[in-house]
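First the proteins, then the strands, lettered A, B, ... as listed; each starts at 1.
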Number of protein chains: 2
Amino acid sequence: MELSGRKKQILKAVVEHYIESAEPVGSKLLAQELGVSSATVRNEFAELCELGYLEQPHTSAGRVPSPQGYRLYVNELMERRSVSAEEAEGIDETLREKLMGGAISNAGQLVSSLVHYPAYSVTAGNAGLTVERFELLSVDAESFITVVMTDDKNVKSQLQHTALAFDAERLGDLKNLLNTHFTRKTRAEMSENLMNVGDQLPPELFLVLSKTVEYAAGILDAAGRRDVVTTGASEILKMPEYRDADRAHELMTFLVDNKEQLPVPEGDGPVQILIGPENVDHALRDTSVVVASYDIGDGMRGLVGVVGPTRMDYATVTARLSYFAESLTKMFGKGLPSPEDQQT
Amino acid sequence: MELSGRKKQILKAVVEHYIESAEPVGSKLLAQELGVSSATVRNEFAELCELGYLEQPHTSAGRVPSPQGYRLYVNELMERRSVSAEEAEGIDETLREKLMGGAISNAGQLVSSLVHYPAYSVTAGNAGLTVERFELLSVDAESFITVVMTDDKNVKSQLQHTALAFDAERLGDLKNLLNTHFTRKTRAEMSENLMNVGDQLPPELFLVLSKTVEYAAGILDAAGRRDVVTTGASEILKMPEYRDADRAHELMTFLVDNKEQLPVPEGDGPVQILIGPENVDHALRDTSVVVASYDIGDGMRGLVGVVGPTRMDYATVTARLSYFAESLTKMFGKGLPSPEDQQT
DNA sequence: GTTTAGCACTCGGAAGAAAAGAGTGCTAAA
DNA sequence: TTTAGCACTCTTTTCTTCCGAGTGCTAAAC
């Protein structure tokens, strides 16, 4: 059933007042605003309550939006404003400043400082990654540098010590071995090949080989892992709903210890909003989450989210977050921190 | 003036009770414990107050240790117990489990989980670091891999794109240029040399060279920076002294935003304890900090610290922290996560 | 001279009562 | 359909009272 225009207007006003004040909204305030009597507003209140859009903390308090109310607000009532010119400038500024070098890990940090809520960022793991190329560089008799390039063009390297002396020839052999049997292979295949090749190799050499392969496998594992970073958890201590130390502690430890369980919705829109009980996780039952995803390039996607009370400033958060995500996408596409600057 | 034996005994008891209960300690409780009358204890209390070792929250409450009282306790009265066999086993376990791969950044995390206080770890920056060697590996016409080994034997690498085509010869030239003019040089010297060399170079080549040198300089900068990581800040929400959201928020944001100002004392002992006002930083005025340093090898030192209320369980924290630091030192000296496993 | 019993005194915190206030629901009139 | 009016509900605040834990001091006891 479609709500009347005035009901929508009232719901919108309740949500916005409550977002601002964190106090239940009474009929008198709205009466003034709408130019009708408080009794009229009360009648509407009563109906909105019956329909499930509003709630009453107790009999004689004002009204508070229910999750369903927030949902309607977000879907229909909220003005989907975009960021102001100054906001945009500010965001661009911080982005340029802090994100050079392609360190995506602190995207959450930027977002958190932008919206004053806890934020998190997820860098999608690249599970199918393989090694494209091995290089070995001689250092001295007992050590060499291993360089591993993965097929997403990331390069990592380490110094490796060996028990036995490695001359140039031997190093070349090892390198050939690595490049023929361990490039373009999945994790499982690498382990398998290690076993196969191992049989025909002198044990000392095998030891070095396996150490190198393990190093490479570790890189693939690390790249395959979904990485979640949370920041700004302490922001919640400023909010009235978390003045209670126990509640604050609960959410806080969740954000730190269970961050892997933060929602990573399959994105169909640019920004997604999960309100209160829409979150599957029990600990997020009365918080809302706003997430946006951005393009890293190579078809990969990153994700940043904001966590806050259901009484969250959805309009501002949504605007800033989506602008942020767009900017990130642009930057990865062509902008300053281009792929050639990516460090390892 | 030296305190009488009984005064010390009483001070010790007050400190330990207060550490456990966070409640002011009354004379009756101690009377029972010491087998004297409460009046006697009260007399001693009064004198300890005058001497500045105890404080009274208000006229008719029990006594609470003053910072000076804690100091005496820590210096003389506390039983400097070492960790129990099970504790040691537990610590070794977590160390082995979590620290393979030489990721020191989360030493604080381990400590925090060990003592249930917020913790931080500082990895000393190596300011005098220089590049020992450059390597360039051809990938395709327009890109190559830059490998940089610093004189502490750390290796880092990145893929670098160029505007102009680079054949093997040209790459060799560039490499020679790098290795002759930019190894074993300080940051300043590198910049200077870049200017000097630049004059005699075609501009396209110079662009590539400077990009590479900048990359190396960035590595040196990063290594030179003192890196502070804090963990477990949310632990404070469990403590009665931080049930007040404002106080909790203050300390919390300090631990997150001002972590660079956490104390890094010049170590003369294995474990150092800073009590309340002994901390220079205003925000730490009523917290205590316990820090231990450990050996990374190569004469480098790392540092881990624990932050908590002055009512901190000094005995346990000190024991665990020093055991932890010792274990770390041992591990870096000869243990599992040996230098050859250090990743970049 | 130290220790202890005794006692009056001081606070802080808990418990209760009362008052204030905000907001409601309902009825009846406009 | 809107609104004025009014009784009612329930929270919050404030004030008071009361209790008890703990003190400081004095005078007696060891």
Nearest to the [X] side chain among [options], which nucleotide is it?
{"X": "S37(A)", "options": "dT3(C), dA4(D), dA5(C)", "result": "dA4(D)"}
{"X": "T59(B)", "options": "dC11(C), dA4(D), dT2(D)", "result": "dC11(C)"}
{"X": "R42(B)", "options": "dC7(C), dT2(D), dG25(C)", "result": "dC7(C)"}
{"X": "S60(B)", "options": "dC11(C), dA4(D), dC10(D)", "result": "dC11(C)"}
{"X": "H58(B)", "options": "dC11(C), dT24(C), dG24(D)", "result": "dC11(C)"}

Return the set of residues passing side chain to side chain donor-acceptor pair (under 3.5 Å) with E278(B) (not counting sequence neighbours), or none when no residue passes.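 Side chain to side chain donor-acceptor pair (under 3.5 Å) check on E278(B) returns R71(B).
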Check the distance between [N]'s [atom2] and [X]'s [atom1] and give it to me in whole angstrom.
{"X": "E44(B)", "N": "dT23(D)", "atom1": "CD", "atom2": "P", "result": "13 Å"}
{"X": "N43(B)", "N": "dA27(D)", "atom1": "CG", "atom2": "P", "result": "15 Å"}
{"X": "F45(A)", "N": "dG23(C)", "atom1": "CZ", "atom2": "C1'", "result": "10 Å"}
{"X": "R63(A)", "N": "dT11(D)", "atom1": "CZ", "atom2": "P", "result": "15 Å"}
{"X": "I10(B)", "N": "dG22(D)", "atom1": "CD1", "atom2": "P", "result": "15 Å"}
{"X": "R6(B)", "N": "dG1(C)", "atom1": "CZ", "atom2": "P", "result": "16 Å"}
{"X": "L34(A)", "N": "dT1(D)", "atom1": "CG", "atom2": "P", "result": "18 Å"}
{"X": "Q56(B)", "N": "dC11(C)", "atom1": "CD", "atom2": "C1'", "result": "11 Å"}

Report yes or no: do [X] and [Y] form a side-chain donor-acceptor pair below 3.5 Å?
{"X": "R81(B)", "Y": "T316(B)", "value": "yes"}
{"X": "H249(A)", "Y": "E235(B)", "value": "no"}
{"X": "S288(B)", "Y": "Y314(B)", "value": "yes"}

Salt bridge flag under 4.0 Å for residues K12(B) and E79(B):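 The answer is yes: the pair qualifies as a salt bridge.
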Check ion pair E250(B)-R285(B) (N to O, under 4.0 angstrom):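 The answer is yes: the pair qualifies as a salt bridge.
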If you assign S38(B) and S38(A) each to the DNA chain C nucleotide with the nearest heavy atom, which residue ends up on the more 5' nucleotide?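 That would be S38(B).
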Salt bridge (Lys or Arg N to Asp or Glu O under 4.0 Å), paired with K7(B), selected from E44(B), E2(B), E50(B):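 Only one option passes, and that is E44(B).
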Which parts of residues 12-32 of chain A get close to DNA chain D, meaning a heavy atom less than 4.0 angstrom away?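 Here the set is empty: none.
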Under 3.5 Å on both distances, the Watson-Crick or G-U partner of dA21(D):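 Matched dA21(D) with dT10(C) under the 3.5 Å cut-off.
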Counting only Watson-Crick pairs (N1-N3 plus N6-O4 or O6-N4) and G-U wobbles (N1-O2, O6-N3), all under 3.5 Å, who is the partner of dA29(C)?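 Per the H-bond distance test, dT2(D).
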